[in-house]
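Below, chains carry the letters A, B, ... as their sequence lines are ordered, and counting in each starts from 1. As the structure is a prediction and not an experimental result, all values here were calculated from the model.
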Amino acid sequence: MSCRRATQLISESMDRPLTRRERVALRVHIVICGSCRRYRRQLARLRTALERLAATSEMATAEGAPAVLSPEARTRIRDALRSVG
Amino acid sequence: MSSSPTLPTGTTAPEVWLETHGDSLFAFAFSRVGRREVAEDLVQETLLAGIEARSRFEGRSSERTWLIGILKRKIAGWRRRQGVVSEPDLARMVDEQFTRRGKWKTTPAAWGSDPETEEIASVLRRCLAKLPERQAEAVLMIESSRLDPEKTSKLLGVTTNHLYVMLYRARTGLRACLEQRLFRAKDR
């Protein structure tokens, strides 16, 4: 199995159950390939980061402000809507 | 996601849109473009376009879904203007990272411990903004909103097999992007 195929199966294993044949082949590859083991660990960390992103984007932006329209933007948009409405 | 339960069809006044949908549209835009000023402008453009297109809203989807549809086109336009679409390195990371025979060209680097959640979130948003929009959408639906693959593939209008390919490409692109922007400097 190539690393490219192994990484594809690693990704797919997060979305669907692998077939028995795929599972065995992937396990054999992972045992001998440190790079693909690392890829698998990093995808798990990516998943956690993306899950947290959902939580943080509801609560706060990167600058720590809430992920809602700022009062200034709200006023600006309201004015723009009024001018055409 | 539900909106204006009293008005299942037809639209409400634009000023009500800003109150009922403004923050949702903003959060959606922000998750895609990663920059507050840009996201705010996109919300404004979306609402203005919504006013013009109001007569074409048929009430087949909720008002918010309809507005998000407009917002997505505005985001796509912004990305085109930024030249994001012509940035092939993340879109084709899978092809970039492996040799023709499927071996790693550059093996994944060791990642140190996680930086602060906010720092990861900020870099991740910038990386998401560099993915093709459909891939970003797919990976956010699956990993952030925790939709199941069947539902996600229906919403995106692709087969589940195609969705798996999109997710593989998105994860591989994001992994490489995080490594480059967040972890490389912190290597042992």
Side-chain angles (χ1 to χ4, degrees), chain A residues 1-16 18 29 33-70 72-85, chain B residues 13-15 17-18 22-23 25-27 30-31 34 36-37 39-41 43-44 47-48 51-52 94 97-99 101-104 107-111 114 117-125 128 139-140 142-146 149 160 163-165 167-169 171-172 174-175 178-179 183:
Chain A
M1 178 181 290
S2 69
C3 293
R4 182 172 179 150
R5 177 68 185 148
T7 54
Q8 191 181 349
L9 286 179
I10 288 166
S11 172
E12 290 193 19
S13 73
M14 301 170 86
D15 306 312
R16 66 171 175 91
L18 298 184
H29 180 89
C33 181
S35 296
C36 289
R37 277 202 300 280
R38 192 173 269 173
Y39 177 90
R40 185 173 60 176
R41 280 199 302 276
Q42 293 174 347
L43 281 206
R45 286 172 74 173
L46 173 66
R47 167 165 274 186
T48 310
L50 284 164
E51 279 169 5
R52 287 198 189 132
L53 188 69
T56 53
S57 65
E58 274 159 31
M59 292 173 339
T61 63
E63 314 93 71
V68 295
L69 285 166
S70 63
E72 303 83 60
R74 197 176 285 276
T75 308
R76 184 155 45 83
I77 293 172
R78 183 174 298 121
D79 292 346
L81 293 180
R82 278 210 185 111
S83 69
V84 298
Chain B
E15 274 212 47
W17 290 357
L18 182 58
D23 289 339
L25 293 172
F26 175 76
F30 187 72
S31 74
R36 173 172 281 277
E37 325 79 68
E40 287 171 352
D41 287 346
V43 171
Q44 177 168 333
L47 293 176
L48 288 171
I51 292 177
E52 272 183 36
V94 170
Q97 292 211 307
F98 297 101
T99 65
R101 308 192 60 186
K103 283 196 186 317
W104 286 101
T107 59
W111 287 5
D114 270 352
T117 305
E118 279 312 322
E119 192 187 350
I120 303 178
S122 140
V123 173
L124 198 48
R125 280 196 197 93
L128 279 163
V139 81
L140 283 170
I142 291 284
E143 308 281 40
S144 301
S145 307
R146 306 301 289 159
T160 43
L163 174 67
Y164 298 147
V165 173
L167 290 170
Y168 171 51
R169 291 184 170 268
R171 288 176 180 131
T172 302
L174 290 177
R175 191 211 68 81
L178 282 187
E179 182 162 303
F183 290 105

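- Judged purely by atom type and a 3.5 angstrom limit, Ser144(B) uses its side chain to pair as donor or acceptor with the backbone of Leu50(A).
- When every heavy atom of Arg101(B) is checked against every heavy atom of Ser2(A), the shortest pair comes out as O-CB, 3.8 Å.
- Here Leu124(B) is the residue among Leu128(B), Asp41(B), Leu124(B) with the most heavy-atom pairs under 4.5 Å with chain A.
- Inter-residue side-chain proximity for Arg74(A) and Val43(B) is flagged as unmet; no heavy-atom pair is nearer than 4.5 Å.
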Self-check item: side-chain contact (heavy atoms from CB on, under 4.5 Å) evaluation trace for Arg45(A) with Arg175(B)
Solution: CA-CA 9 Å; Arg45(A) 286 172 74 173; Arg175(B) 191 211 68 81; over 6 Å; no
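- To the nearest 0.5 Å, the span separating CG on Asp15(A) from CD1 on Ile142(B) amounts to 5.5 Å.
- Neither the backbone nor the side chain of Arg5(A) comes within contact range of chain B, judged by heavy atoms closer than 4.5 Å.
- Residues Glu51(A) and Glu143(B) come closest through the heavy atom pair CG-O, 3.3 Å.
- Contact detail for Ala109(B) and Gln42(A): the closest heavy-atom pair is O-NE2, 2.8 Å.
- Of the residues considered (Glu12(A), Met1(A), Gln8(A)), Gln8(A) shows the highest number of contacts with chain B, using heavy-atom pairs under 4.5 Å.
- At a 4.5 Å heavy-atom cutoff, Thr48(A) makes no contact with chain B through either its backbone or its side chain.
- Interface remark: Pro149(B) contributes side-chain atoms only to the contact with chain A (heavy atom separation under 4.5 Å).
- Panel note: side chain Arg4(A), backbone Phe98(B); no donor-acceptor pair is recorded below 3.5 Å.
- Between Val68(A) and Arg36(B) the shortest heavy-atom distance is O-NH1, 3.3 Å.
- Between Tyr39(A) and Trp104(B), the ring-plane angle classifies as tilted under the 30° and 60° cut-offs.
- Looking at Leu18(B), both its backbone and its side chain come within 4.5 Å of chain A, counting heavy atoms on both sides.
- Comparing Leu174(B), Val165(B), Ile120(B), Leu178(B) by heavy-atom pairs within less than 4.5 Å of chain A, the highest count is held by Leu174(B).
- In this structure, Ile77(A) and Glu40(B) approach most closely via the heavy-atom pair CD1-O, 3.9 Å.
- In the model, Ser11(A) has no side-chain atom that pairs as donor or acceptor with a side-chain atom of Tyr164(B) under 3.5 Å.
- Annotation: side chain of Leu25(B) is not in contact with side chain of Leu69(A) (no heavy-atom distance under 4.5 Å).
- For the atom pair Glu179(B) CD and Leu46(A) CG, the distance stands at 12.0 Å (nearest 0.5 Å).
- The shortest distance between side-chain heavy atoms of Thr7(A) and Thr172(B) does not fall below 4.5 Å.
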